[in-house]
Amino acid sequence: MIYLSQIVNGIGLGMLYFLLAVGLSIIFGLLHFVNFAHGAFYLLGAYLCYALLQHGIDFWWAITLAGLIVAAFAALVEAGLLRRIYRLDHMYHIVATIGLALMIQEFVIIVWGPVGASVSTPPALVGVVMLGNFIYPEYRIFVVGFTAVLALVLWWLLEGTRLGAIVRAGSESSDSISLLGYDIKRINTAVFALGAGLAALAGGLATPIRGLDPFMGVEALAIAFVVVVIGGMGSFTGALIAGLLVGIVQSLMATIWPEGASLAVYIAMVVVVLVMPRGLLGRA
Amino acid sequence: MSASLEIEEIHSYYGKSHILQGVSLTVEAGEVVTLLGRNGAGKTTTLRSISGLVSPTEGTVRLAGIDITGAQPHVIARRGLGLVLENRGIFGLLSVEENLKIAVRKGSPWTLNDVYLRFPRLKERRRNGGATLSGGEQQMLAIARALLNDPKLLMLDEPVEGLAPIIVEEIVEQISEIRASGIPILLVEQNLAVCNELADRHYIIELGRVVYHGTREEFSSNNDIKDRYLSVGA
Ligand SMILES: Nc1ncnc2c1ncn2[C@@H]1O[C@H](COP(=O)(O)OP(=O)(O)O)[C@@H](O)[C@H]1O
Ligand SMILES: [Mg+2]
């Protein structure tokens, strides 16, 4: 029974990981760009949400605004800086985005200090639900439901709309899509902003569960990469399955062998990569 | 009335290599014009320079009298220039229908149904992924897609290369119908029979320069030119 409860926990965690990683995966799929600043967007989202809450804004507005502000910031960074280096080797992407991530992290430390903080659960969701014999926080149930709805909307956006088809087309050939009259640079900026905004939203949603500290971005980046590598670069469904897998493995290990929780996640990644080098659902 | 397409003395580079060294040509309303030349002569680079995928460093490109030199490809495309790339540029991850739908332009006289009537094979395969199509089907899809984008002028880069004779006939037939519908065409092609069947005028390009220009009649009676520049002796 304890395992069942940990699996439910893992699903909640896994959906947050999905939200965090899907942007990284889509950005890689479309732009072939390795974004080490992705965790920093998650960090910034969490702190902006915290700051907005401090100013008396309610939780729903706080996470929404945090997502939008980070998306706008990411659009500026993409258009002003990153698009200039897409053509260069991945090494340059990594160096530039690590630099950006460190700047964001320092900014957070300067403004909010090096010590973390905690965020209280939104009043509407402080209750608990009984799952069999287990007490389960309402907020976690909400996170699962909310991210599931968001995942559906995103999936529809990418697979079911003309806009999504254009984005998928652009990831295959930017020449062909521009020959049909689409401005590939604007598409790139929009997708980058979307990915960053989703990471920020994940950061905001995570704060009532894990609190916040200036180094949470580093941890998030590592998890996001594990999820993307397991799921397959550029794959939406892959990110969903891998996010859930990583979340569940981590939660189960937390009861079985807490010290090995992170290790187990990396072992899962190594096993997947050895068996399926492109990840579960990656394409060539 | 200005020419549909007019390029004057354009120069283009890939990095430091000076590829186009002053290419000029025109396509008048209603015409099919071919651009011939050996492999590596600069035919594809000419089309890329017109469409904005490569920016010419000198010279001018005018589409229906409007200077489009150095504009971005999507801007040029919206002004009515269609280009079907040598590799066809089909989106393999999209279905045939998605490939077509993203090309539909508001106000275009062409609808999805029109192109399905014209290319029934595409209709049969509309749910299939672009990557599963044969070479001939990919070429049809690429042409259909370009039509939906409402071109004022269409450029085709070796549309029948590597296709079986029966498919070649079908594509040639389609190209003449497109011309009959009033869209002028700039065609790059190595297959001389195809060129002779379709073109009103020919240009031959060699090492990034136009070395010959003539009408269909002049060209077909001039074997010397074919021997010298096309290495086909046909
Ligand atoms: N992307 C590129 N980078 C460098 N050189 C290129 C590139 N594409 C083509 N070239 C060179 O430009 C010249 C003209 O090529 P191209 O226009 O493709 O010829 P064609 O289409 O007539 O066969 C060739 O010498 C080719 O090697
Ligand atoms: Mg060529």
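This is a predicted model, so every value here is computed, not measured. These values consider heavy atoms only, across backbone and side chains, with no hydrogens, waters or symmetry-generated copies. Chain letters run A, B, ... following the sequence lines, proteins first, then strands; residues in each count from 1.
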Item to check | Under 4.5 Å from any heavy atom of chain A - which part of B/L85 | outcome: side chain
Checklist entry - Between A/S173, A/S171, A/S178, which residue shows the highest count of heavy-atom pairs closer than 4.5 Å to chain B? => result A/S178
Item to check | Structural part of B/I102 lying under 4.5 Å from a heavy atom of chain A | outcome: both
Item to check | Cation-pi, A/F236 ring and A/R168 (6.0 angstrom, 45 degrees) | outcome: no
Checklist entry - Does A/L100 offer a backbone N or O that forms a donor-acceptor pair with the side chain of A/T97 under 3.5 Å? => result no
Checklist entry - Should A/D175 and B/R48 count as an ion pair when the cut-off is N to O under 4.0 Å? => result yes
Checklist entry - Tell me, side chain or backbone of B/V104 under 4.5 Å from chain A's heavy atoms, or both, or neither? => result both
Checklist entry - Given a strict heavy-atom distance threshold of 4.5 Å, which part of A/L163 is in contact with chain B: side chain, backbone, both, or neither? => result neither
Checklist entry - Side chain, backbone, both or neither: which part of B/R79 has a non-hydrogen atom closer than 4.5 Å to chain A? => result neither
Item to check | Contact leader toward chain A among B/L83, B/L148, B/L81, where contacts are heavy-atom pairs under 4.5 Å | outcome: B/L83
Item to check | Close contacts, residues 16-34 of chain A versus chain B, judged by heavy atoms under 4.5 Å | outcome: none
Next on the checklist: Tell me which of these, B/G89, B/G82, B/P151, B/S95, has more heavy-atom pairs under 4.5 Å with chain A than the rest.
Outcome noted: B/G89
Checklist entry - Would you call B/E170-B/R121 a salt bridge at under 4.0 Å N-O? => result yes
Checklist entry - Quick check: does any side chain N or O of B/Q174 sit under 3.5 Å from a backbone N or O of B/M140, one acting as donor and the other as acceptor? => result no
Checklist entry - Would you call B/D200 and B/R179 a salt bridge, taking side-chain N to carboxylate O under 4.0 Å as the test? => result yes
Item to check | N-O pairing of A/R87 and A/D89 below 4.0 Å | outcome: no
Item to check | Lys/Arg N to Asp/Glu carboxylate O, A/R162 vs B/E98, below 4.0 Å | outcome: no
Checklist entry - Atom OG1 of B/T132 and atom CD of B/E137: how far apart are they, to the nearest 0.5 Å? => result 7.5 Å
Checklist entry - Going by heavy atoms in the side chains, are B/I7 and B/T60 under 4.5 Å from each other? => result no
